[in-house]
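In what follows, a structure is listed as structure tokens, so that the remarks can point back to it.
Throughout, a chain's letter reflects where its sequence line sits, starting with A, and its residues are numbered from 1.
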2 protein chains.
Amino acid sequence: MRISELSRRSGVPVATIKYYLRENLLPKGEAVSATQSRYSEEHLKRLRLVRALVEVAEVPLGRIRSVLRAVDDPELDLHTLLGFAQYAFTQSPEAPSGDDPDWQRAEHRTAELLAQLGWQAHEASPARGQLVQAVAALERLGTPPTPEMLHGYAAAAHRTAELDLDCVDPGMPREATVQQVVTTSALMEQTLTALRLLAQEDESARRFGRGPWQHERPEDGGAVEGRARE
Amino acid sequence: MRISELSRRSGVPVATIKYYLRENLLPKGEAVSATQSRYSEEHLKRLRLVRALVEVAEVPLGRIRSVLRAVDDPELDLHTLLGFAQYAFTQSPEAPSGDDPDWQRAEHRTAELLAQLGWQAHEASPARGQLVQAVAALERLGTPPTPEMLHGYAAAAHRTAELDLDCVDPGMPREATVQQVVTTSALMEQTLTALRLLAQEDESARRFGRGPWQHERPEDGGAVEGRARE
DNA sequence: AATATTGGAGAGTAGTACTATCCAATAGGG
DNA sequence: CCCTATTGGATAGTACTACTCTCCAATATT
């Protein structure tokens, strides 16, 4: 198909497709002449994947590029690919600025937690870094997470990880599996977050509330006065 | 304290503090003269909260502003505040573009799921919208989530929501509770995400891997050859 | 008195993700 | 073969976010 058809079928403007082509988020089409290339169903699938990642999961294009590079590497096995996907999707918290006492304590808490859980995590894992960063931030705000809480969250996280991997079938063709891996990493995250928020709403209503939330924004001009019935 | 001390104690540049003051992310200090204002410990706390939200949770400043507006409203009870925090932190997926069949199906799946779970969620809840959006994206990519999977994730989400609310004590002074609510919404999200990724790594190693991941970036010069931009 | 700091305002910058315009080379219909 | 539309390729421009820098006159500090 031509670029205009690719645009029509995906709902993405031609200019944006050209941009993705330039940015190596979409492989070039097969050049038919100097002014025409042919795009396949694979291109359409890839484009839809990129759009889902951009629109729904809000992954920056740079990280999407990294993931796709790994996806397109036929050498990588499933386990390694999952690792790359994780690496690409997680923002590395970079320099801990050295001698931050809160960071040190967070490092210690994290190491202890992982040891108790028996999880083997790479020392330089970005997820580990993110965990330390979050714990350090909580320390700094004066509300450090208790080991019990962390264990509780870890148990829930472990349950979701099992579910994540349940839908990855190593016997399927690589293409399909790869898509599954990437969508699992990114879109299931969104799903899980949304479910958690909905569960919070329900649980909050049960504990201290009087029904579901009123969803008005506290935008400029008030509108705050008309909150839940009193 | 003066602005320079606020800067030194928080590690945030003076220029950024001024910017936050302009953007109403930080209340003005008590004006002592035409060229000086006094800032309190509250300002420092607020500044640290904003930084944690920006750096760790990557919440856009606009959303932070919304949350803070709700936080500073003494009228709001805990339940309502939690609702505002959720509303502010979630990006609304906006217009479903009307007659998208995938969206319709996702709407249906979501409604059914919530009905089965017995969760009372507001029709216009942003979390609900986000869930529909994620499910619709998965549909579009050809890998719709099964009801069983969704129920599994929902159970895990419910567990975390219980933990989230366990650390909110309605008997505490409002200031402390409010901080707790906001950090719970945002920073625990990061914590949970990180834990899920670590659990994935561990579980993936158990199922198909041979140990923890090697964390090399597929960046230029890495194991994966770079893009063909010549 | 000399130097530093502050509040306030405005302009400038860097990064991200497009969007628009231009152009010459075709493609496709008549 | 002619004419219009489309395409690839390149470049420039836009909108938004989150700062960062500069300037200034009025203080504060030494």
Side-chain angles (χ1 to χ4, degrees), chain A residues 1-40 43 46-47 49-68 88-89 91-92 94, chain B residues 1-40 43 46-47 49-68 88-89 91-92 94 227-230:
Chain A
M1 77 188 87
R2 294 175 297 179
I3 200 171
S4 55
E5 193 180 345
L6 189 60
S7 168
R8 195 180 42 74
R9 288 231 271 158
S10 63
V12 179
V14 172
T16 304
I17 296 176
K18 283 183 173 184
Y19 171 67
Y20 287 170
L21 253 17
R22 277 200 298 284
E23 293 292 314
N24 293 305
L25 292 161
L26 204 58
K28 289 190 190 41
E30 186 200 348
V32 167
S33 80
T35 65
Q36 213 135 17
S37 297
R38 200 159 301 279
Y39 301 93
S40 66
H43 285 93
R46 173 59 56 95
L47 186 53
L49 178 59
V50 171
R51 288 311 296 179
L53 259 26
V54 167
E55 282 178 355
V56 184
E58 298 198 295
V59 181
L61 296 187
R63 284 182 209 162
I64 295 177
R65 195 186 297 116
S66 299
V67 173
L68 295 181
F89 284 145
Q91 87 274 27
S92 310
E94 49 76 58
Chain B
M1 79 189 87
R2 295 176 297 180
I3 200 171
S4 54
E5 193 181 345
L6 190 60
S7 169
R8 194 180 44 73
R9 288 229 271 157
S10 63
V12 179
V14 172
T16 305
I17 295 176
K18 284 182 172 185
Y19 170 66
Y20 287 170
L21 287 167
R22 276 203 295 284
E23 293 292 314
N24 292 307
L25 292 162
L26 203 58
K28 287 189 186 52
E30 186 200 347
V32 167
S33 79
T35 66
Q36 213 135 15
S37 296
R38 200 159 302 278
Y39 300 93
S40 65
H43 285 94
R46 173 58 57 94
L47 186 52
L49 178 59
V50 171
R51 288 311 297 178
L53 259 27
V54 166
E55 282 178 356
V56 184
E58 298 197 294
V59 180
L61 296 188
R63 284 183 210 162
I64 295 177
R65 195 186 299 113
S66 300
V67 173
L68 294 181
F89 284 145
Q91 86 273 28
S92 311
E94 50 75 58
R227 47 199 143 153
R229 163 121 64 104
E230 247 85 40

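Scanning residues 3-13 of chain B for heavy-atom distances under 4.0 Å to DNA chain D yields an empty list.
Picking from C/dG10, D/dT27, C/dC18 the nucleotide with the shortest atom distance to the side chain of A/Leu61 gives C/dC18. When the nucleotides C/dT6, D/dC19, C/dA25 are ranked by their closest atom to the side chain of B/Arg2, C/dT6 comes out on top. Nearest to the side chain of B/Ser37, among C/dG7, D/dA26, C/dT19, sits C/dG7. Looking at the side chain of A/Tyr39, the nearest of the listed nucleotides D/dT27, D/dC19, D/dG8 is D/dG8. Nearest to the side-chain atoms of B/Arg51 among the listed nucleotides D/dC19, D/dT20, D/dT7 stands D/dC19.
A sub-4.0 Å separation between OP1 or OP2 of D/dT7 and a side-chain N or O of A/Ser33 is absent. Contact annotation: A/Arg65 side-chain N/O to C/dT16 OP1/OP2 distance is not under 4.0 Å. A sub-4.0 Å separation between OP1 or OP2 of D/dC19 and a side-chain N or O of B/Tyr20 is present. Contact annotation: B/Thr16 side-chain N/O to D/dT20 OP1/OP2 distance is under 4.0 Å.
Within the model, atoms OG of B/Ser7 and NZ of B/Lys18 stand 11.0 Å from one another, a figure rounded to the nearest 0.5 Å. Atom CZ of A/Arg9 and atom NE2 of A/His43 lie 13.0 Å apart (nearest 0.5 Å). Here A/Arg63 contributes atom CZ and A/Glu58 contributes atom CD; the two are 11.5 Å apart, rounded to the nearest 0.5 Å.
Residue B/Leu21 contributes atom CG, which lies 15 Å from atom C1' of D/dA18 at whole-angstrom precision. In this entry the distance linking OH of B/Tyr19 with P of C/dA11 reads 16 Å, nearest Å. C/dA17 atom C1' lies 11 Å from atom CD1 of A/Ile64, rounded to whole Å. Atom C1' of nucleotide D/dC16 and atom CZ of B/Arg63 are separated by 13 Å, given to the nearest angstrom. What separates CG of B/Leu25 from C1' of D/dC19 is a distance of 12 Å, to the nearest Å. A/Arg38 places its CZ atom 10 Å from the P atom of C/dA27, with the value rounded to the nearest Å. If you take NZ of A/Lys28 and P of D/dT7, they are 18 Å apart, rounded to a whole angstrom. Rounded to whole Å, the distance from CG on A/Leu26 to P on C/dC18 is 13 Å.
A side chain to side chain contact (heavy atoms under 4.5 Å, CB included) with A/Arg46 is found for exactly one of A/Ser40, A/Ser10, A/Pro27, namely A/Pro27.
Within the nucleic acid shown, B/Val14 has no heavy atom closer than 4.0 Å to any nucleic acid atom.
Between B/Lys18 and B/Ala34, the residue whose closest nucleotide on DNA chain D is further toward the 5' end is B/Lys18. Each of B/Pro60 and B/Thr35 was assigned the nucleotide of DNA chain D with the nearest heavy atom; the assignment lying further toward the 5' end belongs to B/Pro60.
With hydrogens and angles left out, the side chain of B/Arg22 and the base of C/dG10 share a donor-acceptor pair within 3.5 Å.
Contact annotation: the side chain of B/Leu68 approaches that of B/Val50 to within less than 4.5 Å [non-hydrogen atoms, C-beta and beyond]. Side-chain contact between B/Tyr20 and B/Arg51: present, with at least one pair of heavy atoms (C-beta onward) separated by less than 4.5 Å.
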